[in-house]
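Not measured: the values here are computed from a predicted model. In what follows, every chain begins at residue 1, and chains take the letters A, B, ... in the order their sequences are listed.
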Amino acid sequence: MTNTSRFASSPAVNRAEEVSDLHWPDDPAAIPDWIYTDPRIYELEQRRIFQGRTWNYVALEAELPKPGDYIRSYIGATPIIVARDEHGKIHAFENRCAHRGAEFCKTYRGNTKLFICPYHQWTYDLSGALASVPFRRGVKGVGGMPADFKLEEHNLRGLNVTCRHGVVFASFRDDIESFEDYLGPDMLDQFDTVFDGRPLKLLGVHRNTMPGNWKLYQENLKDPYHATLLHTYLTTFGLFVAGNKTMILTDSKGRHSTLCNARPQGRPENDQSKKEIRSFHAAMKLADPRVLQLIPEKDSPWTSNAITIWPNLILLRQTNILGARQIVPMGANQFMLIWTTFGYADDDAAMEQHRLRQNNIFGPGGFIGIDDNEAIKFVQDGVTHSIPRHGVAPLGQDVEGPEVVITDRAIRSLYRHYREEMGL
Amino acid sequence: MTNTSRFASSPAVNRAEEVSDLHWPDDPAAIPDWIYTDPRIYELEQRRIFQGRTWNYVALEAELPKPGDYIRSYIGATPIIVARDEHGKIHAFENRCAHRGAEFCKTYRGNTKLFICPYHQWTYDLSGALASVPFRRGVKGVGGMPADFKLEEHNLRGLNVTCRHGVVFASFRDDIESFEDYLGPDMLDQFDTVFDGRPLKLLGVHRNTMPGNWKLYQENLKDPYHATLLHTYLTTFGLFVAGNKTMILTDSKGRHSTLCNARPQGRPENDQSKKEIRSFHAAMKLADPRVLQLIPEKDSPWTSNAITIWPNLILLRQTNILGARQIVPMGANQFMLIWTTFGYADDDAAMEQHRLRQNNIFGPGGFIGIDDNEAIKFVQDGVTHSIPRHGVAPLGQDVEGPEVVITDRAIRSLYRHYREEMGL
Amino acid sequence: MTNTSRFASSPAVNRAEEVSDLHWPDDPAAIPDWIYTDPRIYELEQRRIFQGRTWNYVALEAELPKPGDYIRSYIGATPIIVARDEHGKIHAFENRCAHRGAEFCKTYRGNTKLFICPYHQWTYDLSGALASVPFRRGVKGVGGMPADFKLEEHNLRGLNVTCRHGVVFASFRDDIESFEDYLGPDMLDQFDTVFDGRPLKLLGVHRNTMPGNWKLYQENLKDPYHATLLHTYLTTFGLFVAGNKTMILTDSKGRHSTLCNARPQGRPENDQSKKEIRSFHAAMKLADPRVLQLIPEKDSPWTSNAITIWPNLILLRQTNILGARQIVPMGANQFMLIWTTFGYADDDAAMEQHRLRQNNIFGPGGFIGIDDNEAIKFVQDGVTHSIPRHGVAPLGQDVEGPEVVITDRAIRSLYRHYREEMGL
Amino acid sequence: MLTSAHSPTARPLSRAQLRDLCSAIEEFNADYADTLDRGDIEQWPSYFTEDGVYRLIARDNADANLPLSLMSCEGMGMLKDRAYAIAHTEMFAPRYTLHQITQVRVTGFDEGIITARANYVIYETLIDEPTRLLQCGKYRDTFLMGGEKLLLKERNCIYDTVLVPTCIVYPP
Amino acid sequence: MLTSAHSPTARPLSRAQLRDLCSAIEEFNADYADTLDRGDIEQWPSYFTEDGVYRLIARDNADANLPLSLMSCEGMGMLKDRAYAIAHTEMFAPRYTLHQITQVRVTGFDEGIITARANYVIYETLIDEPTRLLQCGKYRDTFLMGGEKLLLKERNCIYDTVLVPTCIVYPP
Amino acid sequence: MLTSAHSPTARPLSRAQLRDLCSAIEEFNADYADTLDRGDIEQWPSYFTEDGVYRLIARDNADANLPLSLMSCEGMGMLKDRAYAIAHTEMFAPRYTLHQITQVRVTGFDEGIITARANYVIYETLIDEPTRLLQCGKYRDTFLMGGEKLLLKERNCIYDTVLVPTCIVYPP
Ligand code: FES
Ligand code: FES
Ligand code: FES
Ligand SMILES: [Fe+3]
Ligand SMILES: [Fe+3]
Ligand SMILES: [Fe+3]
């Protein structure tokens, strides 16, 4: 990275550090409200987590297949650009002009040779390096840049980039372990069940704002308890049922996790666990079952893998849906979700159509997406307006094995890691 | 109340206590701008006043006549539920799930046997007690709640409830005087002129947001000066005129008050005081006077009683209108008003129609409501954007008797009490 | 000014002073992000700059030609009223009632003898002096104002007012140099080229909000670099081109500035500097060139003068357009612009029509206005969401002469002054 | 219930009749809105019959069968009294309003009485403030057709915007 | 492309025919919107043909020729499955919605197949929250005319509000 | 005054004529809006006559009889120059706009000159920002009827949204 002298931390962040009045409760199952509501925590998270030693999802290679292709993206709340240069190499850099700070790129995606900031036309190449500034030598021999002005000292702030099986991750830090070590063997194995190296095909992108703290979304995907209770589409049609064969993995640091579920053939028999599930609609039948039809395509024992990669990525394989959800925090009580849906480049037309049809389950208009989005709003409403205290995640034990489904183990392990990173 | 260990105060509130830079002016008639604009004061008010030793209006019994009936309500900014159990007892508790904090009830009113939080289906009875949690023992003998998990330690946060003559009040504190002692004899007498014990009939509810600090509304109803100047409908038609027989009462602590006015028969003669009143329209006549017609129904000497009960209730009896206005603060510069309008259960159809017709005077579209709502916006605009200083409430003397009408006595007494409660 | 005891500073401002964590970078060309984003800086600017020893533009005399005419205006974020009394004298005072603080005047402009606050009808004359309060002596000899109540102690907060050539400036301070000394000889000369003493005629007013910090607008008009790069209408049609005869003046304190440009006859030849300008469209021709036609009306060597008068005024003479732009800050990241467009009272109908037509260039829908408004949003977006650091304004040298066009000299000199005033 | 589906029509109308009635009501609503949006409130009663009824009703009250109205005028007298109060006696900051009235639908016709509905949205603009949505809702109307001229026998405005921003000055 | 100008009509229509079709579609849209705004979602499929197609498409996906839809129903089965889910199985806070549908324009007519477009805006109101704009966009429709009755063979809703606020429960 | 009540018509029109004119103008406005909302600004001048006049006027200036316009095009030359500038030379972030045009009302007809009015609301959507109300106002139009085809001789847009959010790029 270049001109690091320009990258001093902000007063906001300095002040955010004054959180000495915040005390984490002793009960290991307790989660204090203030991690969802306090703006100082939000500022601190930007620096300690998103700008810290983390690999952040920023793009799929399939979104920028050709040299010159680029997309706008984010790390934490920071707008960035991901671009592929003429040699095919992928770069990522801040979407902030090195001159006066303009967020110069305002298109979702495109193809270009150069990025030109509109204000004063400072011009950057596909690696984010400053290529030229107008009137560098002034006009008629007067004015312009100082004699000692060096273009290379005014590049866009570059990011550390890594790709695996078509997925692009970036970090503000150079001193960080490899992505493979970051995930660890078990998560990497899960990652590779979704991204098995086959070229991907982008099907589309959805975006929505969520009226809640971004961590509530990480929790949601680490929470098998809600999965088997809230979602009629999962419970009634057996996509995720407590009775199914299940596995819950976390990495050694407890920050990443995967929920695996093996859907039985046909409809789940009316087993014991159903009684406890109000969302189970025994009578319900689909007039058009194609939306749930499983077309075998992997030799995985699992029919769904819900992978959370800390801090900003949710990977979901459910039946034949493949999707990446990018978390973009927008303050303590709001975040943006970017739902990138894809298939494999070698899908035939029928399979592509099947994935598109099945996607009715997810997204901001999906049968399951609506449940979760609303539930997260309910929680943020509660912690924002009620008398501050703490919630509890007491289910299961930390020592239990991966097959135990009614557990908050993955949530507790996340917050152990979080407290370390945040110094709380 | 239960699991008090979970009710530690919030960092926001802790930080709100740092108000040492705020100094109340020496002039007893002065009111500093910062009580209307400073977010720290707002936070402190939530804890010291709304969560302090106060009785807060939360419902009319007529809103939940049957067992299982409930309504959403608020104390301060905190969403609560008021419910009537199978034995007819009324309970109030926070609208915040004891599990992860969801604001689980999102309907104005309804009837139920149980409250089920949608996220993980924790289920509460009509008293707010946790009745069941799904998968408490896990599945197939593994997972689930710890062995020592006790339902009764995870009830919804209950409130101290009292009812008088069909009106429901609640408090976060158990160590508080009775409602009757809280009002004191004079205010209680006023309260009973509106609520004489006859069953009430709910006519409807209006809601609006007010772009001002909530205390401005308390002041407005303690301010006979504006009443006789701002409101053409009061002055021109003699509903509230300085020249009328008037009484202004406060309780011994100065926090509650009542403005009583006796409307003369017919139209007020063009007396001395009219000259000073620009809002007086001598020429004005009503094409349809029914809206102001007084149908005698009480042996009270007064035709209007404007009762302010600290901190969140305005009771208004004006001619034949009966209404309760609940104040819900929403930050330093905004609050919600909930206007609950009612009659008596034994009103005949004509009387009910008369009350409904007369209600054109009040509410967010009422002839008088518009005047006040706008005036309060004007004040908030002024104190927010001008150079901070203080306003003055100098009229009258604190020692004067209740018959003196041109006085700010009730406003000054309120703020003496307020400073004590707030430690300012 | 009166009752200054009432004008104590606000807690917000007191707390705003705690900016010890903010450090201005050593590089004289560097400008830190936090001056555009930190709310404490915004509060401090209100007090140190807008309420400090500055002359703030508040009106044109042509907006209030007759006795009793008034307009709403602002100094910093503070709403004020500018009024002409029966003797023709112009007064300015806060738009905040001395009683309870209502912003009582809610019309753009009007004519009146008295200002009556609607809440309790305190009545002020055209100088802002309190003329009367209703029921001062109460009713029937009781209540009302204390015996020692003095009207003259409750006037509206008056401002120090000065006029030059039909332009009205005001200051919260009495201990301030004359407007002429405030501008200094060179700026005064520039001011007088726009306002040569001829009576003005108001053509209209436009208002828009800008999603950026107010200082970015001052910079924009002190930035010849962008002028010659961003604006196709300037570059392609030669209205402002690096190659043109140019002059950049600042006052001795470096807070005010003027950019002068002399447009060549006809279209600028395709000179050297064009190559560097991406916004230059050699091919572009106007189907209707009247919008750019220069009708000679001044003996000035310049065809455009862009004058920035610290802190809230931009004066623009471009071709035959005459305009004043008033800056009204609305928080750290937003401000309002009030574009007042005028001609001379002795313009004939054709000249007035010409000015109106030419005004298509400026304003929130103008060919140039759009460019600048968008550019400023881009910068605020960048400094708000990227990792806080500093921008650079390195062009040119501080010692260079006024003819050097590719320079940030005026920006740097502004911030030297700014740091002194702000104590940063 | 006021918010339920439309009432059956007594005698079925031909497409052409329906279309003519519909466009007549659209014209009526355009003039009604323009009168209010010009601030010419004292003309507002002229859109009603002598016994005309106007009600402004919060949707939650309507759904709960609670009889309260935010505004309620029974007949020309109360219509005129409200118009006069707004024009001459009520205190409020000056404001611009703009109506958008869409989906006019004739739902019944019988003996010169037309029942119809429409959706409305009202934007309010205060000085130096952004334009905001003041209220959206549904008209539930009964018109009297006198020759070419339509008059409102009853207009019920059922508003979705239950949480009223500050206050409603001009009747929707 | 779905957001491009309207397709040429096969046989030119007379003004009168156009006007009649247009007002018929306006009536259709008024009823369609009223059904949804009453929350009567289970009636929604009845506005489509047996093979009717419904799609809700983000404008940026449409412009980039990406095939993904936010909602997608191919035929009556999927239409009914979505209606049932909304009515009975999905968890969401109660809400009011209000449609405004404007600029209905018939763009083609051939063999009883009508192509048309319109603009829509939907307002959403949650309990104790201000009314907010949920989504605005364009209908790109194909109607089947069966005698007097119109049914949707295809409704594509192309929405400008790419950044969806929380979620879309009821189909626009 | 531009915001005052509508001008009297020279010769009274029959209901049918009024209806036909009204629906013709509704079609015109639908196409006008669709052209702008597709971003096809260079087609915009084609909706005007050679001597067509376009003005965008703040309501407070109109009410105060101040002659300034936010945009002003006198004739085809200036219309094309503005269209070209927006399409090729002005710098602004890409945006979606959506018009809603309602209450089209024919207010006069004489010698093939039609005066009409309507209300408009424009929504603007920027990348990764919520849709916002850009402006609402009133069209005050004069159309020239050439056979079947309508063209604008004059369109005055009087906008209520006096406090413009940032800027207006595309003419309303
Ligand atoms: S801000 Fe980017 S070139 Fe100046
Ligand atoms: S949050 Fe209520 S059950 Fe989990
Ligand atoms: S606030 Fe102005 S008179 Fe009382
Ligand atoms: Fe879920
Ligand atoms: Fe009042
Ligand atoms: Fe510029």
Geometric class of the Trp122(C)/Tyr124(C) ring pair [parallel <30°, tilted 30-60°, perpendicular >60°]: tilted
Output the option from Gly144(C), Gly143(C), Gly101(C) having the highest count of non-hydrogen pairs under 4.5 Å with chain B. Gly144(C)
Is it true that a side-chain atom of Arg409(B) and a backbone atom of Val399(B) form a donor plus acceptor pair closer than 3.5 Å? no
Please look at Ile411(B) and chain C and tell me whether the side chain, the backbone, both or neither of the residue comes under 4.5 angstrom of a heavy atom of that chain. side chain
Name the region of Ile116(C), side chain, backbone, both or neither, that has any atom closer than 4.5 Å to a heavy atom of chain B. side chain
Do other residues, nucleotides or ligands put more than 12 heavy atoms under 6.0 Å from Asp26(B) CG? no
Most heavy-atom pairs under 4.5 Å with chain C, out of Thr407(B), Asp408(B), Leu395(B), belong to Leu395(B)
From the list Cys117(C), Ala77(C), Gly76(C), Ser132(C), the residue making the most non-hydrogen contacts under 4.5 Å with chain B is Ala77(C)
Can you say whether Phe104(C) sits under 4.5 Å from chain B via the side chain, the backbone, both, or neither, judging by heavy atoms? backbone
Counting only non-hydrogen atoms closer than 4.5 Å, does Glu400(B) touch chain C with its backbone (N, CA, C, O), its side chain (CB onward), both, or neither? side chain
Winner by heavy-atom pair count (cut-off under 4.5 Å) against chain B, out of Pro134(C), Pro118(C), Pro79(C), Pro146(C): Pro134(C)
Would you find a donor on one side and an acceptor on the other, under 3.5 Å apart, between the side chain of Gln380(C) and the backbone of Asn213(C)? yes
Per-residue contact mode, Asn220(B) against chain C (heavy atom under 4.5 angstrom): both
Do any N or O atoms from the side chain of Tyr42(C) and from the backbone of Gly331(C) form a donor-acceptor pair under 3.5 angstrom? yes
So, His385(B) side chain and Asp381(B) main chain: donor-acceptor pair closer than 3.5 Å or not? yes
Name the region of Asp33(B), side chain, backbone, both or neither, that has any atom closer than 4.5 Å to a heavy atom of chain C. side chain
Taking the six-membered ring for Trp and the single ring otherwise, decide whether the centroids of Phe50(C) and Trp214(C) are under 6.0 Å apart. yes
